[in-house]
Amino acid sequence: MFTPVAADFFDAPTLELSRRLLGQILVHELPEGIVAGRIVETEAYMGAEDRAAHSFGNRRTKRTEIMFGKPGLVYTYQMHTHTLINVVAEAEGTPRAILIRAVEPVGGIELMEELRGSHMPVKQWTSGPGKLTKAMAITMEYYGHCFTEKPLYIAQGSPVQDISVGPRVGIGNSLEAVHYPYRFWETENPFVSKFR
DNA sequence: GAAGCGATGGTCT
DNA sequence: GACCATCGCTTCA
């Protein structure tokens, strides 16, 4: 049904890869079935030079260690009660990553509904970085996993018509980085977390 | 429909 | 002990 992309898919500069990820399918194969979401919103975190990045100033800790690894690795971390998922970018030693902020459900709809628990509009299942990990059962166990391997991987999707660009969300204390245009989303797609 | 704000837990200093 | 790359409920319109 879905096939993981090849490793060279991730060999691109971070900002280019952030755009390339839009329209691709994030797939998680679970014992209960497959859930799949088309990526519609991403944010780039530009490593040592980006005050909003966890790896600003090449800060290397247990948490950021994986950002220094090869492109295509999974960087998960906890935000309050939520898990957020990133794609590691750039060559080893350059700690950049791309946050997946929203997906559009395209497979395993019933399973996603179950995973989200209480009844709510479909739009709210995956329209945010903490929401989509819950809807797709993505947990910290995937820290360091590779996006080219099952059971959690990226598969080729469909082209994105029109890409909008704007400042990132939720980084209010990052001084000059607050206005960097590092957020990308499919224009008008109802599943993006925030418009403008 | 928008804006305000409290809950909540892991990571780092 | 401070700091959040969040979410969802409450409030006010």
Side-chain angles (χ1 to χ4, degrees), chain A residues 14-15 17-19 21-22 26 37 39-69 71 73-90 94-105 112-145 147 152 154 164-186 188-196:
Chain A
T14 306
L15 296 177
L17 185 56
S18 301
R19 293 170 175 271
L21 282 166
L22 294 176
L26 178 63
I39 299 170
V40 297
E41 181 180 354
T42 59
E43 274 182 5
Y45 285 85
M46 299 295 275
E49 302 80 35
D50 179 4
R51 204 173 277 280
H54 293 153
S55 53
F56 176 64
N58 279 321
R59 196 160 65 133
R60 195 162 189 153
T61 67
K62 188 182 173 190
R63 179 173 68 154
T64 64
E65 181 63 33
I66 203 66
M67 294 180 78
F68 291 82
L73 291 175
V74 176
Y75 171 35
T76 48
Y77 74 96
Q78 300 286 143
M79 181 57 174
H80 299 292
T81 56
H82 309 284
T83 301
L84 275 60
I85 189 165
N86 298 247
V87 180
V88 173
E90 306 281 351
T94 303
R96 297 185 175 178
I98 299 159
L99 172 66
I100 299 174
R101 283 197 58 88
V103 303
E104 173 179 352
M112 275 197 201
E113 180 171 26
E114 199 175 309
L115 286 162
R116 284 293 272 139
S118 64
H119 295 112
M120 63 177 76
V122 179
K123 266 193 195 180
Q124 293 173 25
W125 292 0
T126 55
S127 57
K131 299 182 199 176
L132 75 92
T133 55
K134 187 169 185 192
M136 297 188 68
I138 294 167
T139 63
M140 285 299 294
E141 71 181 290
Y142 287 106
Y143 181 93
H145 175 76
F147 274 116
L152 179 67
I154 287 170
S164 293
V165 182
R168 292 169 291 183
V169 175
I171 55 163
N173 293 330
S174 298
L175 304 176
E176 80 278 1
V178 164
H179 303 294
Y180 294 171
Y182 292 166
R183 175 168 170 255
F184 305 90
W185 70 94
E186 184 178 30
E188 309 255 314
N189 187 296
F191 291 90
V192 302
S193 64
K194 286 181 185 174
F195 296 94
R196 254 193 74 61

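Below, all heavy atoms of this structure are taken into account, side chains as well, without hydrogens, waters or symmetry copies. By convention in this document, chain letters (A, B, ...) are assigned in the order of the sequence lines, proteins followed by strands, and residues within each chain are numbered from 1.
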Residues A:R168, A:E43: salt bridge by 4.0 Å N-O rule: no

Rounded to the nearest 0.5 Å, how far does CG of A:L17 lie from CG of A:L15? 9.5 Å

Return the value, rounded to whole Å, for the distance between atom CG of A:L84 and atom P of B:dG9. 16 Å

Over all atoms of both residues, closest heavy-atom pair of A:D50 and A:A44: OD2-O, 4.2 Å

Given C:dG8, C:dT6, C:dA5, the nucleotide with the shortest approach to the side chain of A:H54: C:dA5

So how far is it from A:R116 CZ to A:K134 NZ, rounded to the nearest 0.5 Å? 6.0 Å

Between A:G170 and A:M120, name the one whose nearest nucleotide on DNA chain C is closer to the 5' end. A:G170

Quick one: A:K194 NZ to C:dA5 P, roughly how many Å, whole number? 13 Å

When all nucleic acid strands are considered with a 4.0 Å heavy-atom cut-off, which category describes A:R183: base, sugar-phosphate, or nothing? nothing

Whole angstrom is fine here: how far is it from CD1 in A:I138 over to P in C:dA5? 20 Å

Taking OP1 and OP2 of C:dT6, is either one under 4.0 Å from a side-chain nitrogen or oxygen of A:R101? yes

Rounded distance (nearest 0.5 Å) linking atom CZ of A:R60 with atom CZ of A:F68: 5.0 Å

dist A:T42:OG1 -> A:L22:CG (nearest 0.5 Å) comes out at 4.5 Å

Restricting both atoms to N or O, compile the protein contacts to nucleotides 10-13 of chain B shorter than 3.5 Å, with distance only.
from   : atom 1 : to    : atom 2 : distance (Å)
B:dC12 : OP1    : A:T61 : OG1    : 2.2
B:dC12 : OP1    : A:R63 : N      : 3.2
B:dC12 : O3'    : A:R59 : NH1    : 3.3
B:dT13 : OP1    : A:R59 : NH1    : 3.4

If you define the side chain from C-beta out and look only at heavy atoms, does anything of A:Q78 sit under 4.5 Å from A:R63? no

Report the distance from atom CG of A:N189 to atom CD of A:E41, rounding to the nearest 0.5 Å. 9.5 Å

Just to be sure I understand the rule, does A:I171 reach a base, reach only the sugar-phosphate, or reach nothing, if contact means heavy atoms closer than 4.0 Å? sugar-phosphate

If you write DNA chain B from 5' to 3' in dot-bracket form, with Watson-Crick or G-U pairs under 3.5 Å, [ ] for crossing pairs and | for pairs with another strand, what do you get? |||||||.||||.

Out of curiosity, A:I138 CD1 to A:I85 CD1, how far, rounded to the nearest 0.5 Å? 4.0 Å

Out of C:dT6, C:dA5, C:dC7, which nucleotide sits closest to the side chain of A:V169? C:dT6

Looking at A:L73, A:T76, A:V74, A:I66, which hits side chain to side chain contact (heavy atoms under 4.5 Å, CB included) with A:H145? A:V74

Smallest separation among heavy atoms of A:S55 and A:G47, with atom names: OG-CA, 3.3 Å

Counting distance only, does the side-chain N/O of A:R51 pair as donor-acceptor with the main-chain N or O of A:A177 below 3.5 Å? no

Let me know the distance between CG of A:L175 and P of C:dC4, rounded to the nearest Å. 10 Å

Provide a list of protein-nucleic acid N or O atom pairs under 3.5 angstrom, restricted to nucleotides 1-3 of chain C.
none

Between A:K123 (NZ) and C:dG8 (P), how many Å, whole number? 16 Å

If you pin A:G172 and A:K134 to their nearest nucleotides in DNA chain C, which one's is more 5'? A:G172

Using atom CG of A:N86 as one end and atom P of C:dA5 as the other, report the distance to the nearest whole Å. 11 Å

Nearest-angstrom distance from the residue atom CG of A:L132 to P of C:dG8: 12 Å

note: A:L99, atom CG; C:dT6, atom P; distance rounded to Å ~ 8 Å

